[in-house]
Amino acid sequence: MTEHVLTAMSGGVDSTVAAALLVREGYRVTGATLDLFDKNAPHGQTDAALAARAAQSLGLPHLLIDARAPFRQFVMDAFARAYLAGDTPNPCVVCNATVKFGFLLDEALRLGMDKLATGHYAQIEYDEMSGRYLLKKAADDAKDQSYMLWSLSQQQLSHTLFPLGTLTKNDVRALAESFGLENAQKKDSQDICFVPDGDYAAFIETLTGKVSQPGDFVAADGTVLGRHKGLIRYTLGQRRGLGISADRPLYVTGKNPSDNTVRVGDEQELYATQMTVRDVNLIAVETLEQPVRADVKTRYSHTASPATVTVSGDIAHVEFDTPQRAVTSGQSAVFYQADTVLGGGFIADTQQ
RNA sequence: UGGGAUGUGGCCAAGUGGUAAGGCACCAGACUUUGACUCUGGCAUUCGCAGGUUCGAACCCUGCCAUCCCAG
């Protein structure tokens with residue numbers, strides 16, 4: 001009996017090719033586009049319309065699924081809340097955890113389908129030895145998105161397909177051409193999807209109705225160097241936008257919500273050797289009794305760095321072999337062993 | 001009011017007769033399914049103002065203005 005796969009289609013090249021590949025492999029495929037938020041951009045060619053056209057060109061039924069409520073609650077509100085608390089959240093990670101592989105997967109299963117597929121560049125492999133589903137890096141290292149998927153549970157992984165995992169971006173574009181897809185050359189998406197103009201601070205202020213208050217930029221010795229435009233506009237390691245002229249570049253080295261100050265200093269002050277990770281999800285193993293060696297990523301576009309990881313419950317302590325720059329609370333830490341994701345979590349705090 | 005010092009782009013700052021370094025900031029691109037970082041490019045027809053000397057001045061001369069310091 002052929003499996004019925006719900007394929008998330010955004011209207012972009014990746015998800016369209018993913019759907020096409022599944023069709024070619026003989027799956028029964030239904031396309032689905034998530035309605036995540038009300039777009040105030042009425043330029044006719046919406047992503048949903050693009051996705052519907054793409055599905056139609058592949059001869060697939062297509063569903064538009066209203067996910068505005070969960071997206072608002074789990075992604076947008078949480079994003080704003082995290083920033084107001086002084087963290088620097090990664091909404092894509094949270095969206096994957098709660099909306100795409102939460103809400104949408106549940107929806108697929110509820111509709112009687114067998115699996116959910118997306119255009120993510122990552123691989124899932126069932127390991128006979130351990131009886132666990134493994135999440136692995138994509139074949140195309142430059143496009144690998146396994147970092148964004150560390151939160152997936154065994155249950156979620158067992159019902160998920162990543163048809164693009166073994167391909168490179170060039171392969172995908174070439175396939176799109178060969179399938180005659182109109183979006184073959186569509187530019188890769190970027191920025192936060194619900195903040196298309198990139199001004200996430202203004203978005204947060206509109207969403208919450210609270211204006212982030214100006215405060216002082218202070219140096220390590222307490223000297224006030226200037227006024228900042230609101231805590232949410234800064235993140236650890238940030239250089240641009242400080243407006244402080246000095247004889248050398250200055251970076252944000254800390255944020256203090258309690259007195260509304262932003263600490264700035266030299267780049268050397270940004271390095272940390274240890275960090276605590278919360279909400280840890282282990283994928284490759286059920287539990288870790290002993291400290292393990294792993295390569296740890298602290299941001300999406302970052303080379304994993306060797307470290308020793310000690311897990312206790314859903315908390316992990318990570319000690320890097322070499323100090324890491326601007327390890328930022330709210331971002332995700334993902335532990336790799338070779339190409340396999342051991343697990344991951346959210347960075348809670350760091351120590352020198 | 002005397003004495004001294006200084007005035008170069010938003011900030012700092014090289015340059016002391018040969019036709020405006022550099023850093024910071026800022027702007028624009030690139031990179032990127034997060035925020036950042038990074039990279040590339042842009043950014044003073046002009047050196048407080050006005051005269052003068054010179055083939056030629058930010059650099060020399062004169063005057064003025066401004067700021068700072070020290071006097072009382």
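The figures here come from the full heavy-atom set of this structure, side chains too, leaving out hydrogens, waters and symmetry mates. Letters go in sequence order (proteins before strands), and every chain restarts at 1.
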> More than 12 heavy atoms of other residues, nucleotides or ligands under 6.0 Å from CD of E25(A): is that the case?
Replying inline: yes
> Hey, is NZ on K229(A) packed in by over 12 heavy atoms from elsewhere, all under 6.0 Å?
Replying inline: no
Kindly list each side-chain donor-acceptor pair under 3.5 angstrom involving residues 306-315 of chain A, sequence neighbours excluded, with atom names and distances?
unit_1  : atom_1 : unit_2  : atom_2 : d
T308(A) : OG1    : R293(A) : NH1    : 2.9

> Taking only residues two or more places apart in sequence or in another chain, which ones pass side-chain hydrogen bond (donor to acceptor under 3.5 Å, both in side chains) with E319(A)?
Replying inline: none
>> Just to be sure I follow the notation: if a pair is Watson-Crick (purine N1 to pyrimidine N3 plus N6-O4 or O6-N4) or a G-U wobble (N1-O2 and O6-N3), each under 3.5 Å, what dot-bracket string does RNA chain B give, with | for pairs to another strand?
In response: ((((((((.[[[..)..(...]]].(((((.......))))).....[[[[[..)....]]]]]))))))).
>> Taking syn as a glycosidic torsion within 90° of 0 and anything else as anti, which one is C37(B)?
In response: syn
> For D14(A), which contact category applies under a 4.0 Å heavy-atom criterion: base, sugar-phosphate, or nothing?
Replying inline: nothing
> Counting only non-hydrogen atoms, which of residues 212-219 of chain A are less than 4.0 Å from RNA chain B?
Replying inline: none
> For the pair made of CZ in R248(A) and P in C12(B), what is the distance, rounded to whole Å?
Replying inline: 16 Å
> Between atom NZ in K143(A) and atom P in C31(B), what is the gap in whole Å?
Replying inline: 10 Å
> Are D127(A) and R132(A) close enough, and set up right, to give a salt bridge (charged side-chain N to carboxylate O under 4.0 Å, His left out), and what steps lead you there?
Replying inline: CA-CA 5 Å; D127(A) 180 47; R132(A) 295 184 71 81; over 6 Å; no
What's touching nucleotides 36-39 of chain B from the protein side, N or O pairs under 3.5 Å?
unit_1 : atom_1 : unit_2  : atom_2 : d
A36(B) : O2'    : Q238(A) : N      : 3.4
A36(B) : N6     : S301(A) : OG     : 2.8
C37(B) : OP1    : R239(A) : N      : 2.7
C37(B) : OP1    : R240(A) : N      : 2.7
U38(B) : OP1    : R239(A) : NH1    : 3.3
U38(B) : OP1    : Y251(A) : OH     : 2.7

> So which one's nearest nucleotide on RNA chain B is more toward 5', T298(A) or L250(A)?
Replying inline: L250(A)
Is there any protein nitrogen or oxygen under 3.5 Å from a nitrogen or oxygen in nucleotides 8-11 of chain B, and what are the pairs?
none

